[in-house]
Amino acid sequence: MAGRGTSRRAPRTSSSGPDGLWADPNYRLFLGLQGLSALGDSFSHVAIPLLVLHQTGSVAQMGLVTGLTGLASIVTGLFAGVVADRVDRRRLLVLTDVARCVLFGTVPLVWLFATPLWLVYAVVPVAGAFAMLFQVTYVTVVPAIVGPGQILKANSHLFGAYAVASAGGPLLAGLVAAAFGPAAALGIDAATFAVSAVGILFVRIRPMPEAEGEGDERGGVRREFLAGARFLWQHPVLRPLTVLLALLTFLTYGLTDVIIYHVKHGLGHGDSTVGYVLTAGTLGTLAASFAVDRMRERLGFGVSWIGVNALAGAAVACLGLAGSVPLVAVLAAVMLFCTGVAGVNSMSLRQEVTPSHLLGRVTSSFWTLHNALGPTGAAAVTAAAGAWGVRAVCLTVGTCVVAVALTGTVTSIGRTRTGRAAPGGGG
């Protein structure tokens, strides 16, 4: 049974309000570890595209690495939820951190003697597979650390910690890359994974309760994956949400590469400026962590989700017209604010409506399905930017994002405030 042995004693959650969360040292430890991981992630987020760009000078090659990583995540998503629902979740988190520490640590070690670009193409997608496994498991343990009424608040805290850590990360990564090379920045990311792996050993996670009829869902990866996909299909809000997010992912998956390319080649600035732009962008993520709870309460799930995605599309379109670094940074912040609000809402909804024993498979199915078009989109968008320019691509992508978001108004997404409608008798 998944989760057995993960905890000798359940963590205390004294209330459903924010004070209960901050009073829980177990939750604070988990929050701190995720902030540290986010700091490291922001280093690789900047370092990997720069590493490829330094070696090739090609935005299409940057998009290829991003696309391969996305493809590895999709393949891993086929079984990540099954694994997360069947094994000790804390040990799984530790394993994925150790694996990424080794993988990312290999690049700066090899770069001391040679600079084989094939190593990046080999390491980064495998690390992306472990990242998907970590992310699916991470989603399943949040409800096992906090109380049922604390999920949205906990997610906003975690997202805020990510934003704070990421705010300085791209700036520092840009400075490190400019001074010592992008490979050195990857080494810092590897070190943060090592610290996180040790810290997670001390996080208490409530064991997952046995679910009645769960044995009927066993019977191979395909059948167990379909259990998660079936739940998504039966839920009146998660079903259109998955479809629309697949389209949005296709359109936006390669935008970070486009921004980096625009700053370096379109506006003629260096690596450190890329760090400044991406750091300014993360301020939008921080703002999202403060706003998401109030927006959901006042506007409801549907209006807030549709509204922020439409605003994100407008920001992408304007990015194509931006001729200065400060304006690019502001638009990046708006984009990340919007994706942050939408993402926390979406994650919290799945955690709230999904039974614990299915949460890994539902999360895995959700991410696999809505990320399925991401690699193709990243390759297409970055190749188009190299061929026809950033302006034409951003105007086209931004217009399409607005259209997809507004499509949500004619689905059950636009007709719900909470998103908690029962999925045909389940959930």
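The first residue in the sequence is number 1, and the count goes up from there. As the structure is a computational prediction, the values presented were derived from the model and not from experiment. No hydrogens, no waters, no symmetry mates; every other heavy atom, side chains included, goes into these values.
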From [X] [atom1] over to [Y] [atom2], what is the distance, rounded to the nearest 0.5 angstrom?
X: T140; Y: R89; atom1: OG1; atom2: CZ; answer: 3.5 Å
X: D24; Y: R204; atom1: CG; atom2: CZ; answer: 6.5 Å
X: L331; Y: L321; atom1: CG; atom2: CG; answer: 9.0 Å
X: D257; Y: T382; atom1: CG; atom2: OG1; answer: 6.5 Å
X: N309; Y: L244; atom1: CG; atom2: CG; answer: 8.5 Å
X: T407; Y: L247; atom1: OG1; atom2: CG; answer: 8.0 Å

Check whether [X] reaches the backbone of [Y] with its side chain - one donor and one acceptor, N or O, closer than 3.5 Å.
X: R361; Y: D85; value: no
X: D189; Y: F43; value: no
X: S365; Y: V362; value: no
X: H235; Y: V353; value: no

Is there a side-chain contact between [X] and [Y], using heavy atoms and a 4.5 Å cut-off?
X: V141; Y: R90; value: no
X: D97; Y: L93; value: no
X: L186; Y: I48; value: yes
X: Y253; Y: V381; value: no
X: V292; Y: F159; value: no
X: M335; Y: I259; value: yes
X: Y27; Y: Q150; value: no
X: I413; Y: L241; value: yes

On a heavy-atom basis, which atom in [X] and which in [Y] lie closest, and how many Å separate them?
X: S156; Y: S289; answer: O-CB, 3.3 Å
X: I306; Y: A405; answer: CG2-O, 3.4 Å
X: A329; Y: V277; answer: CA-CG1, 4.2 Å
X: V237; Y: F301; answer: CG1-CE2, 3.8 Å
X: A310; Y: L406; answer: CB-CD2, 4.4 Å
X: Y261; Y: A385; answer: CE2-O, 4.3 Å

I'd like a table of donor-acceptor pairs (distance under 3.5 Å, sequence neighbours excluded) in which one partner is a side-chain atom from residues 391-403, with atom names and distances.
{"residue": "R391", "atom": "NE", "partner": "G320", "partner atom": "O", "Å": "3.4"}
{"residue": "T396", "atom": "OG1", "partner": "A392", "partner atom": "O", "Å": "2.9"}
{"residue": "T399", "atom": "OG1", "partner": "L395", "partner atom": "O", "Å": "2.8"}

(request) Write out all pairs satisfying side chain to side chain donor-acceptor pair (under 3.5 Å) with one or both partners inside residues 319-346, taking only residues at least two apart or from two chains. (result) R296-N345, S304-N345, S346-R350
(message) Does M295 form a side chain to side chain contact (heavy atoms under 4.5 Å, CB included) with V308? I'd like the steps, not just the answer.
(response) CA-CA 10 Å; M295 290 182 67; V308 294; 3.8 Å; yes
Only pairs under 3.5 Å count here: list side-chain donor-acceptor contacts from residues 127-139, not counting sequence neighbours, and write none if there are none.
{"residue": "T137", "atom": "OG1", "partner": "L133", "partner atom": "O", "Å": "2.8"}

(message) Tell me every residue that passes side chain to side chain contact (heavy atoms under 4.5 Å, CB included) with V243, counting only those two or more places apart in sequence or in another chain.
(response) none
(message) For T115, give me all partners under side chain to side chain contact (heavy atoms under 4.5 Å, CB included), at least two apart in sequence or on another chain.
(response) Q55, W111
(message) Does R294, at its CZ atom, have more than 12 non-hydrogen atoms belonging to other residues, nucleotides or ligands within less than 6.0 Å?
(response) no
Acceptor/donor pairs from residues 29-37 side chains to any protein atom, 3.5 angstrom cut, sequence neighbours excluded:
{"residue": "S37", "atom": "OG", "partner": "L33", "partner atom": "O", "Å": "3.2"}
{"residue": "S37", "atom": "OG", "partner": "S196", "partner atom": "OG", "Å": "3.3"}

(message) Quick one about S348 and N155 (side-chain donor to acceptor, distance below 3.5 Å, no hydrogens or angles considered), yes or no?
(response) yes
